[in-house]
**Q** 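Can you read through this structure? Questions will come right after.
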Amino acid sequence: MPGHTIRKPLPCSKCGYDLEGLAAKAHCPECGQDVVATLAVRLDPATETLARGNALVRTAWAIYLASAGSVLGCAIALAPMVDHARVSTTPTRWIALLMDGTRTIAPSIALVGALIGLLATIVLLPWNRTRPIVRARLIGGAGFVGWTVLALEPPSFTATLATLGAVAAVAASMTPLLRQLLPHSRLFRTARHATQTTRDLLISAAVSGGAGVLTLVLYKQRGQFTEYAVFSGAVAYSAAMLLVVGLCYRLANAHWVLRSVRRPALRVAEVLGD
Ligand SMILES: [Zn+2]
């Protein structure tokens, strides 16, 4: 390495100065840091041996768009919530306008999200027969088909509860693919605290679904919200909020992976020349 020259644009890891053209044993002219230190930070040895093909980029895009579709699809819950709030409160004029706007737009946002996810899983995933791809296409695709149908239905809490099954199917079926791509994202490997596990998503969906069904049953029995129904409703809402936050984290994770796969780490042989 000592006799090598940096042949590609390579920003200094300390000050950002472009080290292209300098000897590998030199120092950064701006801040004096060793060029070797920048190489150690910028290059990602774990990915050096992994192939980066078209299939990889398509998989990363599919996971990203399926995650984005899932987040948008959560808007399916907004319209029934607004309907409920509309009859049980007397909002001020501006709040009422805001509520009516949300009521109008939310079902369309949910539909667009479900369709984006459907296209991502059915069309965008590469056409090979490896088990994780086939599973993601079939189960994830079925989840988004169901989600699309529910988004076309008149907004209701029942449709929202049924969507939780679709959320679980999509999250679980995409996970093996996401796991395959993880080694390609250094950010993902090093930011463990900010990564979203599928188990937590499924637990949130299950708790929200269970408490939601209980709330509807209690409400139907009495025709009004008893304290039990209010309590289980609060649990359902809280778990649903956790689920939405979890899906946003999952989207961020998918974005990191996509970014790494689209802009591959510099290869040592490409960067260092004689
Ligand atoms: Zn520098």
Side-chain angles (χ1 to χ4, degrees), residues 1-72 116 120 124-126 132-133 171 174-201 242 244-274:
M1 191 188 276
H4 288 75
T5 306
I6 305 299
R7 290 193 301 191
K8 297 264 179 186
L10 182 74
C12 168
S13 62
K14 195 171 172 187
C15 70
Y17 180 83
D18 189 359
L19 304 172
E20 187 175 11
L22 290 171
K25 61 182 176 184
H27 303 278
C28 169
E30 279 298 315
C31 69
Q33 178 174 248
D34 292 342
V35 171
V36 172
T38 291
L39 287 173
V41 172
R42 297 259 184 245
L43 294 172
D44 193 352
T47 56
E48 284 299 303
T49 54
L50 293 166
R52 298 171 190 283
N54 182 37
L56 203 67
V57 178
R58 282 183 62 166
T59 307
W61 266 112
I63 295 173
Y64 176 68
L65 289 177
S67 306
S70 302
V71 171
L72 292 177
I116 288 174
L124 199 56
L125 274 177
I133 294 271
M174 296 308 259
T175 298
L177 293 178
L178 190 61
R179 210 174 285 142
Q180 275 183 359
L181 295 190
L182 295 191
H184 295 265
S185 172
R186 180 172 228 174
L187 193 53
F188 199 109
R189 295 201 309 272
T190 51
R192 279 288 171 204
H193 58 281
T195 58
Q196 179 60 49
T197 66
T198 305
R199 191 196 58 188
D200 291 349
L201 289 178
L242 281 179
V244 174
V245 171
L247 288 174
C248 289
Y249 266 107
R250 177 52 69 93
L251 176 61
N253 296 166
H255 181 249
W256 296 346
V257 169
L258 177 64
R259 208 172 58 173
S260 311
V261 172
R262 280 179 64 212
R263 268 184 282 160
L266 294 165
R267 286 174 182 277
V268 182
E270 283 171 31
V271 175
L272 293 178
D274 293 321

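Whatever order the structure lists ligands and atoms in, that order sets their numbers, starting from 1. Along the sequence shown, the residues carry numbers beginning at 1.
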**Q** Which value, rounded to the nearest 0.5 Å, describes the distance between Ile116 atom CD1 and Ser67 atom OG?
**A** 12.0 Å

**Q** Please set out all donor-acceptor pairs under 3.5 angstrom arising from side-chain atoms of residues 248-258, sequence neighbours excluded.
**A**
unit_1: Arg250; atom_1: NH2; unit_2: Gln196; atom_2: O; d: 3.3
unit_1: Arg250; atom_1: NH2; unit_2: Thr198; atom_2: OG1; d: 2.9
unit_1: Asn253; atom_1: OD1; unit_2: Gln196; atom_2: N; d: 2.9
unit_1: Asn253; atom_1: ND2; unit_2: Ala194; atom_2: O; d: 3.2
unit_1: Asn253; atom_1: ND2; unit_2: Tyr249; atom_2: O; d: 3.3

**Q** Rounded to the nearest 0.5 Å, what's the gap from CD1 on Ile63 to CZ on Arg179? Could you check?
**A**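 Going from CD1 on Ile63 over to CZ on Arg179, the span is 11.0 Å.
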
**Q** Please report the interatomic distance OG1(Thr59) to CG(Leu177), rounded to the nearest 0.5 Å.
**A** 6.0 Å

**Q** Output, by chain and residue number, all protein N/O/S atoms separated from the Zn ion (ligand 1) by less than 2.8 Å.
**A** Cys12 SG, Cys15 SG, Cys28 SG, Cys31 SG

**Q** Run Lys14 and Cys28 through side-chain contact (heavy atoms from CB on, under 4.5 Å) and show every step you take.
**A** CA-CA 9 Å; Lys14 195 171 172 187; Cys28 169; over 6 Å; no

**Q** Show your working on side-chain contact (heavy atoms from CB on, under 4.5 Å) between Asp200 and Leu242 and close with a plain yes or no.
**A** CA-CA 9 Å; Asp200 291 349; Leu242 281 179; over 6 Å; no

